[in-house]
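One structure is given below, encoded as structure tokens.
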Amino acid sequence: MKKYLILSLAFAFALTTKAQIFLQKTSDGSMLWLNKQCYNTCLVKGMTDKDATLSIAKDELTKYYKGKEVSIRIDPLLNLGEGYMLTDSSIIASSSIGILYGAYDLLRLQETGNLSHLSKTEKPAVNLRILNHWDNLDGSIERGYAGKSIWKWDEIILDKTGEFKNISKDLRNRLITYARSNASIGINGAVLNNVNASPQMMTSEYLHKVKVIADIFRPYGIRVYLSINFASPMALGYTKTADPLDMKVQLWWKKKAKEIYASIPDFGGFLVKANSEGQPGPGDYHRSHADGANMLADALKPFGGIVMWRSFVYGANHKGEDRVKQAVSEFKYQDGKFRDNVILQSKNGPLDFQPREPYAPIFDNIHQTPQIAELQITQEYLGQSKHLVYLAPMWKEFFRFVSPDKLKGIAGVSNIGDNANWCGHPFSQANWYAFGRLAWNPSISSEEIAHEWLIQTYECKDERFTKPVEMMMLTSREACVNYMMPLGLHHIFKFDHHYGPEPDGFKAEYPLEWCPVYYHQADSNGIGFNRSSDGTDAVGQYPEPYRSLYDNLATCPEEYLLWFHHVPWNYRMKSGSTLWEELCMRYNMGVSMVETYRDYWHTSTKEYMKDHITEWEMTDSLLNVQLASAKEWRDVCLKYFQTFSKMNIDE
Ligand code: GCV
């Protein structure tokens with residue numbers, strides 16, 4: 001009996017150990033691209049400081065670097081800023097964060113097999129590399145598709161006097177993983193809350209909680225910023241107005257800034273959406289954007305803070321004008337009127353994060369105010385967390401037109417939520433990763449980034465896996481453009497949630513600029529929005545050579561054709577097909593690309609992802625969803641447009 005007992009205990013033990021090993025190996029995606037084998041063999045030399053950031057660097061290298069020894073040295077005279085010099089056995093930087101970035105780079109190069117003959121110097125292209133979270137205080141996320149907000153405000157407990165008391169272990173760990181992941185790709189700032197901001201964010205209670213987050217992020221080089229509601233002092237009952245020229249309002253913001261910096265000395269500043277989509281702003285008091293931004297800038301200036309003022313405004317002062325022109329119309333004449341700590345933040349395209357847009361001409365029209373480019377990582381208009389769409393090629397396309405040298409910063413609207421794998425679709429993690437890598441160095445290729453991400457995330461270097469999957473990633477944005485809105489079509493999404501197609505969308509109670517029919521302008525003659533010089537003249541906001549190139553139907557690149565021109569259905573395209581035939585061809589091509597991804601993934605990738613079976617299965621099932629959506633887009637759009645073209649739909 002005793003013998004059986006011992007045997008069965010031993011068996012149970014073996015099973016549990018096996019199960020544990022299995023559990024450890026089976027990833028749910030929560031480790032992102034930081035799935036690294038722990039060696040604990042590296043000796044880190046040259047640590048003189050008791051510096052939290054350096055300790056993290058030391059810890060990362062000791063645990064994960066295979067080399068026997070790494071020496072680190074800080075030399076402020078080298079003026080490397082956040083940058084570093086790297087060999088396979090040394091990191092030299094001007095700051096401790098430079099050392100940490102160097103450590104992460106070394107580990108990345110190790111994982112991707114690029115350590116030999118290593119000798120390089122790295123400096124970030126722009127100083128501000130910031131995630132914008134559109135998280136609401138109630139835990140919901142505007143345009144978030146990966147669960148609820150990761151800022152669990154209720155789990156940061158304050159005592160009766162408002163001082164910090166406790167934070168749950170889970171939350172602390174998750175915040176550390178967030179900060180570590182960001183630091184590993186060079187992101188150095190986070191705006192914690194939605195640009196459609198609640199005034200409550202400015203209450204002392206929330207600011208105390210923000211301090212707790214800022215303290216956790218600091219050693220990882222992440223500064224905290226907040227979106228503010230322009231009417232906060234009035235909404236919270238302290239003033240009767242939010243007029244930026246009112247002394248009491250100015251004083252309130254000055255005191256608020258002082259309060260914030262007393263507990264968060266490295267607080268980054270404010271992000272502001274004003275007089276846009278119903279948000280309050282200086283325009284409510286007949287004041288200009290410059291008046292509003294400057295009032296906040298004056299409050300932050302003594303502490304080194306900045307104001308990131310968004311140019312995403314339409315339907316106010318320039319109501320009725322072509323929506324894509326309104327930002328330039330509004331801000332061009334205020335250029336030069338902003339304080340030097342105000343930065344204008346604009347989306348990459350002139351409309352709203354469409355799968356393809358020409359670049360926003362505001363980047364060429366503002367000369368005296370520094371600018372930040374806002375990219376969208378969360379796939380609001382690109383299939384959300386249901387479609388595999390790798391966004392690096394889209395952002396690289398933008399940088400072909402807007403040189404990072406012109407920019408002070410790059411912001412990315414985050415796709416992060418509290419789902420176990422952070423981003424919903426396993427491949428949406430690649431977009432977070434790519435954003436950080438490109439904000440650091442916009443000249444890295446999309447291929448390189450996809451390759452790095454794939455190898456680190458799925459721990460597989462076998463080219464029979466990486467090559468085809470990278471190809472899938474690299475072509476996926478073009479596939480999405482094709483099955484949703486080829487040839488420059490735009491904003492023909494379903495109202496409100498922006499997922500599926502609604503080309504016939506029109507609601508009399510909505511502003512026209514929200515209605516799909518306003519954007520495609522299909523009629524019996526043709527399709528497309530005439531923004532040429534004999535249309536709304538949006539082309540006039542572009543410098544040469546783009547102005548003439550886009551203005552002329554014959555030279556306008558076909559990917560922007562229907563963005564800039566209303567084109568007859570039988571217009572001859574470069575391929576020799578008519579516009580209608582080309583439209584059918586593109587929609588069909590988009591669908592067949594997704595079909596190819598789905599089939600390839602299902603039949604040929606599982607064996608390489610044995611330790612990532614959850615992620616494999618999720619991707620497998622989501623590719624079916626994506627295929628069904630792609631077919632829906634094609635069928636709904638072509639059937640609707642056919643009512644105008646009266647031509648046959650080519651299969
Ligand atoms: C945060 C679009 C989105 C809104 C978003 C807005 C903005 O309109 O649909 O959800 O609001 O852009 O960027 O301010």
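Model, not experiment: these values are computed from the prediction. We use all heavy atoms of the structure for the numbers below, so side chains are in, but hydrogens, waters and symmetry mates are not. Residue numbers start at 1 and run along the sequence shown. Each ligand, and each atom within it, is numbered from 1 in the order the structure gives.
Those atoms of ligand 1 that come under 4.0 Å of a heavy atom in His498, given as number and element, are 9 (O). With ligand atoms numbered from 1 in the order given, ligand 1 contributes 6 (C), 7 (C), 8 (O), 12 (O), 13 (O), 14 (O) to contacts under 4.0 Å with heavy atoms of Phe312. Within ligand 1, counting atoms from 1 as listed, the ones closer than 4.0 Å to a heavy atom of Asp352 are 2 (C), 8 (O), 12 (O).
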Full working for salt bridge (Lys or Arg N to Asp or Glu O under 4.0 Å) between Lys494 and Glu502
CA-CA 5 Å; Lys494 278 215 163 99; Glu502 193 162 10; 5.9 Å; no
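In this structure, the side chains of Gln521 and Ile527 stay at 4.5 Å or more apart for every pair of heavy atoms. With contacts defined as side-chain heavy-atom distances shorter than 4.5 Å, the pair Asn132/Met308 does not qualify.
Among protein heavy atoms, atom 4 (C) of ligand 1 sits closest to Glu142 OE2, 3.3 Å. From the protein, the heavy atom lying nearest to atom 6 (C) of ligand 1 is Glu277 OE1, 3.3 Å. Counting protein heavy atoms only, atom 14 (O) of ligand 1 is closest to Lys273 NZ, 2.6 Å. In terms of protein heavy-atom proximity, atom 12 (O) of ligand 1 is nearest to Lys347 NZ, 3.0 Å.
Between Tyr640 and His520, the ring center distance clears the sub-6.0 Å criterion.
Among residues at least two apart or in separate chains, salt bridge (charged side-chain N to carboxylate O under 4.0 Å, His left out) pairs with a member in residues 416-437 are Lys152-Asp418, Arg437-Glu452.
Cation-pi contact between Arg323 and Tyr314: present, with separation from the ring centre below 6.0 Å and deviation from the ring axis of at most 45°. For the pair Arg287 and Tyr285, the NZ or CZ position fails the cation-pi test of under 6.0 Å to the six-membered ring centre and within 45 degrees of the ring normal.
Looking at ligand 1, you won't find any N or O of Asn194 less than 3.5 Å from one of its N or O atoms.
Closest to atom 3 (C) of ligand 1 by heavy atom, among Gln279, His497, Glu380, is Glu380.
Between Asp537 and Lys325, no side-chain nitrogen of the basic residue sits less than 4.0 Å from a carboxylate oxygen of the acidic one, so the salt-bridge criterion is not met.
The part of Trp134 lying near ligand 1 is the side chain, judged by heavy-atom distances below 4.0 Å.
Val413 does not count as a contact of ligand 1, since none of its heavy atoms falls under 4.0 Å from the ligand.
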